[in-house]
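Please read the structure below before turning to the comments.
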There are 2 protein chains.
Amino acid sequence: MATGRTHRPATRSRGIPEATVARLPLYLRALTALSERSVPTVSSEELAAAAGVNSAKLRKDFSYLGSYGTRGVGYDVEYLVYQISRELGLTQDWPVVIVGIGNLGAALANYGGFASRGFRVAALIDADPAMAGKPVAGIPVQHSDQLEKIIEDNGVSIGVIATPAGAAQPVCDRLVAAGITSILNFAPTVLSVPDGVDVRKVDLSIELQILAFHEQRKAGEGAAADAGAVPLAPKASRKGPDGDVPAVMPA
Amino acid sequence: MATGRTHRPATRSRGIPEATVARLPLYLRALTALSERSVPTVSSEELAAAAGVNSAKLRKDFSYLGSYGTRGVGYDVEYLVYQISRELGLTQDWPVVIVGIGNLGAALANYGGFASRGFRVAALIDADPAMAGKPVAGIPVQHSDQLEKIIEDNGVSIGVIATPAGAAQPVCDRLVAAGITSILNFAPTVLSVPDGVDVRKVDLSIELQILAFHEQRKAGEGAAADAGAVPLAPKASRKGPDGDVPAVMPA
DNA sequence: ATGTCTTTGTGAACGCGTGCACAAAGATGG
DNA sequence: CCATCTTTGTGCACGCGTTCACAAAGACAT
């Protein structure tokens, strides 16, 4: 997947491992699809296939939530949907602000996956005065002057940053100061936040780079000889460290 | 972070752990910033801070690539940029197609982070005939009829799927059949692909759900009593499994 | 009621990733 | 040339996550 874990060092919250929490939305999505097809029960094997994971892993994940299955039968779909939703906190209403209404911000505002999961876009915020008042996804964009007021008035605790990299940290600081305690960051920067604030990041180009790495390997090491200009090595003579191209090392 | 690992069971490619590969783009970004400020060398401590990781982890990561540092001094910025770029395969040109030019697809097409890393948007593809010919980010959208031809003519091996969930698997199948071997999937679906094809997924709503989970915990378990309608438990009487709300279990 | 069959829930083993802590390496100054 | 000081590279131990494999539990048929 594209996103990575972030700063929290695998803290297991009330006994539920981080890795499990990260998979719960996956199960929930698969279960919702089954629910819409009015499937009453599902076995761990079937559900695991639908979610793209191992069935043993799925059973262990569910075991952290409690004993919600029936042996010999499987899991009750509706019941499980409710339990996971509750565990994830999706039975609550989560107002969210999106800061930075460029192409990505607009795409996020229009994204249907939020509303269907209890997330409500409370406000769109942008630093460009020309954007102010212009409706995006049916919601008028507000100027960033209003940021603190918007967050306090709506009791927002989750913020989405979709600004350019340079603006991200200042925006982040203001969000945190205004009371935001969870941030989803799309800007390609490392955000520094005080303890108690969660940050998750999504970096589109990082994902592509990881794919490129594997793609390069699949293409075979043989064809890797591009004779382009090569920066000089620092100083000392370098021995090619296993698999390096000798020409890269000008001594 | 937002993305997750995907199907590949932590295969370590030529001795470089997956976890390390996932961090290389992070280091590269930090190094590029230093390079632009003409910083000649950097210590593991400084670079680790800039990348938001532990310095021991960074040194261990680099040790998988080779011995590229100088003790007592640190790492040569330019040299390291080149080595990591080469390791990630970014010294090559990677043509990429984006399928599904909605809000998100358009945002991706406009995203600057791709071009600056050796990725070239070779084509934009959409199923809507009305989109055909319309330029997005300076590139004319082509109809999906042309998909196979585009991929073959341009030697594309990386595809980005930004379609609605329902269209994702058929598109994926066509991409794979046409020769694509790496896919970045933004559609909220599990894609099934043959062996040898890498899939990474980015799911925006999953990230928010994970944040909501932690947010709920931060808010304290005390206030968790929402007395909404609760689906019935399957059949048998259920004992509340440690921390559950008794009222949820109607026997 | 009893037996069979399916499927869950979990104990245990294994492997990967992380972080500590230190020895080796080299730069720098006298 | 030697001493000192900084910073790398890594051996080691620990903990989390994954997977296997199986006993326990319940449904269902007879």
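In what follows, every chain begins at residue 1, and chains take the letters A, B, ... in the order their sequences are listed. Worth saying up front: this structure is predicted, and the values here are computed from it rather than measured.
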Practice task
State whether the distance check finds a donor on one side and an acceptor on the other, under 3.5 Å, for side chain A:Arg71 versus base C:dT8.
Solution key: yes

Problem - Contact list for residues 60-71 of chain B, test salt bridge (charged side-chain N to carboxylate O under 4.0 Å, His left out), sequence neighbours left out - result: B:Arg23-B:Asp61

Measure [atom1]/[X] against [atom2]/[N] and give the value in whole Å, please.
X	N	atom1	atom2	value
A:Tyr75	D:dG26	OH	C1'	14 Å
B:Arg23	C:dC16	CZ	C1'	12 Å
A:Glu46	C:dT8	CD	C1'	14 Å
B:Asp61	C:dG19	CG	C1'	12 Å
B:Glu45	D:dT7	CD	P	9 Å
A:Tyr64	C:dT10	OH	P	10 Å
B:Ile16	C:dG17	CD1	P	12 Å

Exercise for the section: List in chain and number order the residues that pass ring pair (Phe, Tyr, Trp, His ring centres under 6.0 Å) with A:Tyr75, two or more places apart in sequence or in another chain; answer none if no residue qualifies. Expected result: A:Phe62

Exercise for the section: Mind checking side-chain contact (heavy atoms from CB on, under 4.5 Å) for B:Ala49 and listing every partner two or more places apart, or none if nothing turns up? Expected result: none

Problem - Set of residues satisfying side-chain contact (heavy atoms from CB on, under 4.5 Å) with respect to A:Ala177, sequence neighbours excluded - result: none

Exercise for the section: Specify the closest pair of heavy atoms between A:Leu47 and A:Leu58, including all atoms of both residues, with the distance to one decimal. Expected result: CG-CD1, 3.7 Å

Handout entry: Those residues of residues 52-60 of chain A lying under 4.0 Å from DNA chain C by at least one heavy atom
Key = A:Arg59, A:Lys60

Fill in the blank from the handout: Whichever of B:Ser43 and A:Thr20 has the more 5' nearest nucleotide on DNA chain D, that residue is B:Ser43

Handout entry: Distance test, side-chain N/O of A:Ser44 to OP1/OP2 of C:dT7, below 4.0 Å
Key = no

Practice task
Verify the contact: side-chain N or O of B:Thr70 to OP1 or OP2 of C:dG26, cut-off strictly under 4.0 Å; return yes or no.
Solution key: no

Completion exercise
Which of C:dG17, C:dT7, D:dA27 is nearest the side chain of B:Ala19? It is C:dG17

Exercise for the section: Decide yes or no for A:Glu46 and A:Val39: does some side-chain heavy atom of the first lie under 4.5 Å from some side-chain heavy atom of the second? Expected result: no

Handout entry: Residue closer to the 5' end of DNA chain C, A:Ser63 versus A:Val73 (nearest nucleotide)
Key = A:Val73

Fill in the blank from the handout: So ring pair (Phe, Tyr, Trp, His ring centres under 6.0 Å) across residues 29-54 of chain A, not counting sequence neighbours, yields none

